[in-house]
Amino acid sequence: MILYIAEKPSLGRALAEVLPKPHQKGDGFIRLGNGDVVSWCIGHLLEQSQPDAYDPAFKQWRLEHLPIIPREWKLEAKPKTRSQLTVLKKLLKQADDIVHVGDPDREGQLLVDEVISFCGVSAARRERVQRCLISDLNPAAVKKALAALRPNRDFVPLSVSALARSRADWLYGINMSRLCTIQGRKMGYQGVLSVGRVQTPLLGLVVRRDQEIGSFTAKPYYEVLALLQTEAGERFKAKWQPSDACRPWQDEEGRVLSRALAENVIKRIQGQPGRVAGAERKQRRQAPPLPYNLSTLQIDAARRFGLSAKQVLDVCQTLYERHKLITYPRSDCRYLPEDHYHQAGSVTGALARTCPELATAVAEANLSLRSKAWNDKKVEAHHAIIPTARAMDGGKLSGAEQNVYQLIARQYLAQFYPHWEYADNQLEVDIAGGRFVARARQQIKPGWKALFARPDKKEEEDPELQPTLPALAVGDALLCLEGELLDKLTQPPKHFSDATLLAAMTNIARYVTDAELRKILRDTDGLGTEATRAGIIELLFNRGFLAREGKQIRATEAGTKLIASLPESATTPDMTARWEAVLDAISRKQAAYQGFMAELEASLPVLISQVDPAAFSGLQGGGKPKQFRKRKPRKAATGASARAKKR
């Protein structure tokens, strides 16, 4: 008997659909016509044991217990899904061969591997386990995945990486959360002050942004525009570019802080002749944007529809599992396998039927075009999120489902549209010894931009770009009709929103304080993973550390004081960026589990000694909100959000 173990029931049902019939449905499994069996996990069926499993004394939260470091790690069944673990344990004893069908990511690999190990499968049988990687639940894609099974042992490093993440998060979270909660309660706060290697740096970003805004003092600065006229009577404006001699009157960003200086420039240029010192026209082409990964989809959906990261993930899971309209959504990749290119006709046909609003766009697409999205070298465990070849009546989708599906569909369609072509023009003008610059942009061919045009909303453009500029050459004479003084004020940074907070998580190198670490971070590195970011943001709201004011996200008093109590290394992204770099290296067999864990264990006493209890002074309330009472097992069917909660 072959036992197929899927990550969740929906994947198990999709798998059984293409395997021998008739089917006999059991409690937690499906027996196939040939005697083989499909069963499933429900997300993680196992979790790290709580501290009191190692020592009953740890049930009490006491400073003298810290740091708590298990010598032999223990797993325990999640109470709510214990019955499914029992089903799998029985089936594993009966199985001759096992096929691992976890989701194609780090956690998907571990959650099936740990069940196989926990249930006592022998080393010899574990060696024969096969791995099936499914990223699209439609029958054709599932059949293709089943025809391309690989030895599960090839994925051991990925599983070890996930195990290291799980244990490290436990060590860090348990010890630091207990410490801060104990110190907070001494000051009168009754809630749990949880700390995590991802959630806390994210909270730190928001706290620091709030503080920067709160301490910001607006300063006036000045710009000068020259209204110029050509010999043919054409008019345009050019902006003054201060020379090096003006630096004493400028700030670090080059803004002129002296009104007298700006007024003097206006007096000098008024009615004076000018001369074109430089004229440049560059024709440019911009390729279509790549298909979405989860973060870029969440960012666009937040900007366009005001959806939170969790709402987008939940909608995607429904589109993937229930409707089978999109491919695997928790992807960190924006590229596609080259063989997917040949499915373009069936995919675009399906999306036109599902989303009639895009039927015209499909008709105008050129399926012979091949964007840079199709690149096998850029695709690893999973590929970009795209529509599948399945169609349905889009009217049966909820409003949010329609909106998210349409975003994914339009981004995919863009791959079959030509480049956006435009010309950038720039003129440099000398007037009375001063340098002035004018810039313009003209569209030549809309290309893929036509897909994203919104008549109801003007596209944001650089305010200094003019629609057109006169056709001038170097040496041409001009007349400065007048100068214009622009009074401006420096602006504080904006509070984070759902879109900008997600963007910060995905481009975390901007916020890394360690210059050397910032250099080695790749563009794809980020805070958390595609699968967990939504859950991490939601967790901070649930724990009372963040609050929304309209579209703005701000830190609460509890969140602000928690960050103040911690050493900087715990509140900046540097540490978690290092973790992710090492975890990635472990998954590639370029780093060792033992070295990673030993370094963390050695750092815990130092971190504990650096927490400042006085920072919690005056922090009241907290109570015991529902999420901090005796922990109840979480629903694991949605997978991604649940995994984030330990972080």
Side-chain angles (χ1 to χ4, degrees), residues 41-90 92 106-107 109-121 159-183 185 191-199 532 535 539 543 579 583 593-594 596-605 607-608 624-636 642-647:
C41 301
I42 307 171
H44 278 283
L45 298 180
L46 298 162
E47 60 186 354
Q48 295 293 335
S49 296
Q50 290 301 299
D52 54 84
Y54 298 98
D55 186 336
F58 293 159
K59 199 153 194 166
Q60 299 294 318
W61 291 27
R62 304 179 68 86
L63 289 177
E64 56 265 30
H65 295 157
L66 306 180
I68 299 170
I69 302 176
R71 289 298 126 215
E72 291 185 12
W73 288 89
K74 297 179 181 180
L75 288 172
E76 58 188 44
K78 287 189 169 184
K80 193 171 182 180
T81 53
R82 189 187 302 273
S83 60
Q84 187 60 24
L85 182 63
T86 302
V87 169
L88 282 171
K89 191 170 187 178
K90 182 179 178 181
L92 282 165
R106 185 168 72 190
E107 294 299 318
Q109 184 65 40
L110 176 63
L111 68 83
V112 176
D113 280 347
E114 66 187 2
V115 166
I116 292 172
S117 178
F118 186 82
C119 292
V121 175
S159 194
V160 171
S161 171
L163 183 64
R165 193 280 310 157
S166 174
R167 291 177 176 177
D169 278 343
W170 188 99
L171 274 177
Y172 184 74
I174 288 289
N175 285 291
M176 296 300 286
S177 296
R178 286 194 171 206
L179 172 64
C180 290
T181 300
I182 292 167
Q183 301 292 19
R185 285 176 180 170
V192 171
L193 292 165
S194 65
V195 178
R197 57 101 186 179
V198 176
Q199 60 167 291
T532 61
L539 184 65
R543 290 183 170 169
W579 278 32
L583 291 171
Y593 163 90
Q594 291 84 357
F596 172 69
M597 295 299 291
E599 185 178 345
L600 173 59
E601 290 177 12
S603 71
L604 281 174
L607 283 168
I608 287 170
K624 292 188 179 179
K626 184 178 180 180
Q627 61 269 26
F628 295 139
R629 294 176 190 154
K630 187 174 179 181
R631 188 164 47 87
K632 296 180 180 179
R634 299 179 296 272
K635 290 182 180 178
R643 291 176 196 160
K645 293 188 182 291
K646 290 186 179 179
R647 305 188 182 190

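Note: hydrogens, waters and symmetry copies are ignored here, and every other heavy atom, side chains too, is used.
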Within the structure provided, determine whether [X] and [Y] are in side-chain contact (heavy-atom separation under 4.5 Å).
| X | Y | result |
| --- | --- | --- |
| Val115 | Cys119 | yes |
| Met176 | Leu607 | yes |
| Arg197 | Asp169 | yes |
| Lys74 | Gln48 | no |
| Leu85 | Leu46 | yes |
| Pro79 | Glu47 | yes |
| Ile68 | Phe58 | yes |
| Cys41 | Gln84 | no |

Check your understanding: For Glu107 and His44, does a side-chain donor sit closer than 3.5 Å to a side-chain acceptor?
Key -> yes
Exercise for review: Would you check if there is a donor-acceptor pair between the side chains of Ser159 and Gln109 at a distance under 3.5 Å?
Suggested key: no
Check your understanding: Within the distance-only criterion (no hydrogens, no angle test), does the side chain of Ser177 pair as donor or acceptor with the backbone N or O of Val195 below 3.5 angstrom?
Key ->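 Yes; at least one donor-acceptor contact below 3.5 Å.
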Check your understanding: Counting distance only, does the side-chain N/O of Ser603 pair as donor-acceptor with the main-chain N or O of Leu600 below 3.5 Å?
Key ->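 Checking the backbone N and O of Leu600 against the side chain of Ser603, a donor-acceptor pair under 3.5 Å is found.
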Practice item. State the CD-CD distance between Glu599 and Gln594, to the nearest 0.5 angstrom. Key: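 Going from the CD atom of Glu599 to the CD atom of Gln594 covers 13.5 Å.
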Check your understanding: For Trp73, what residues pass the ring pair (Phe, Tyr, Trp, His ring centres under 6.0 Å) criterion, not counting sequence neighbours?
Key ->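 Here the qualifying residues are Trp170.
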**Study point:** Set of ring pair (Phe, Tyr, Trp, His ring centres under 6.0 Å) partners for Tyr593, sequence neighbours left out
**Key:** none
Exercise for review: Name all residues meeting the salt bridge (Lys or Arg N to Asp or Glu O under 4.0 Å) criterion together with Arg62; count only those two or more places apart in sequence or in a different chain, and write none if there are none.
Suggested key: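 Once residues adjacent in sequence are excluded, the partners of Arg62 under the salt bridge (Lys or Arg N to Asp or Glu O under 4.0 Å) criterion are Glu64.
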What's the shortest heavy-atom distance between [X] and [Y], and which atoms?
| X | Y | answer |
| --- | --- | --- |
| Gln199 | Ser194 | OE1-OG, 3.3 Å |
| Phe118 | Leu75 | CE1-O, 3.7 Å |
| Glu72 | Tyr54 | O-CE2, 3.2 Å |
| Ala168 | Phe596 | CB-CE2, 3.7 Å |
| Gly43 | Leu111 | O-CD1, 3.8 Å |
| Ile116 | Leu92 | CA-CD1, 4.2 Å |

Practice item. Take Leu171 and Met597 through the test side-chain contact (heavy atoms from CB on, under 4.5 Å) and record every step on the way to the result. Key: CA-CA 9 Å; Leu171 274 177; Met597 295 299 291; 3.8 Å; yes
Exercise for review: Could you please spell out the steps behind the side-chain contact (heavy atoms from CB on, under 4.5 Å) verdict for Leu193 and Arg543?
Suggested key: CA-CA 8 Å; Leu193 292 165; Arg543 290 183 170 169; over 6 Å; no
Check your understanding: Between Glu601 and Arg71, does at least one N-O distance fall below 4.0 Å, as a salt bridge requires?
Key ->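 A salt bridge is present here (some side-chain N lies under 4.0 Å from a carboxylate O).
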Practice item. Decide side-chain contact (heavy atoms from CB on, under 4.5 Å) for Leu63 and Leu179; before the verdict, give the C-alpha distance in whole Å, the side-chain angles of both, and the deciding distance to 0.1 Å. Key: CA-CA 7 Å; Leu63 289 177; Leu179 172 64; 3.5 Å; yes
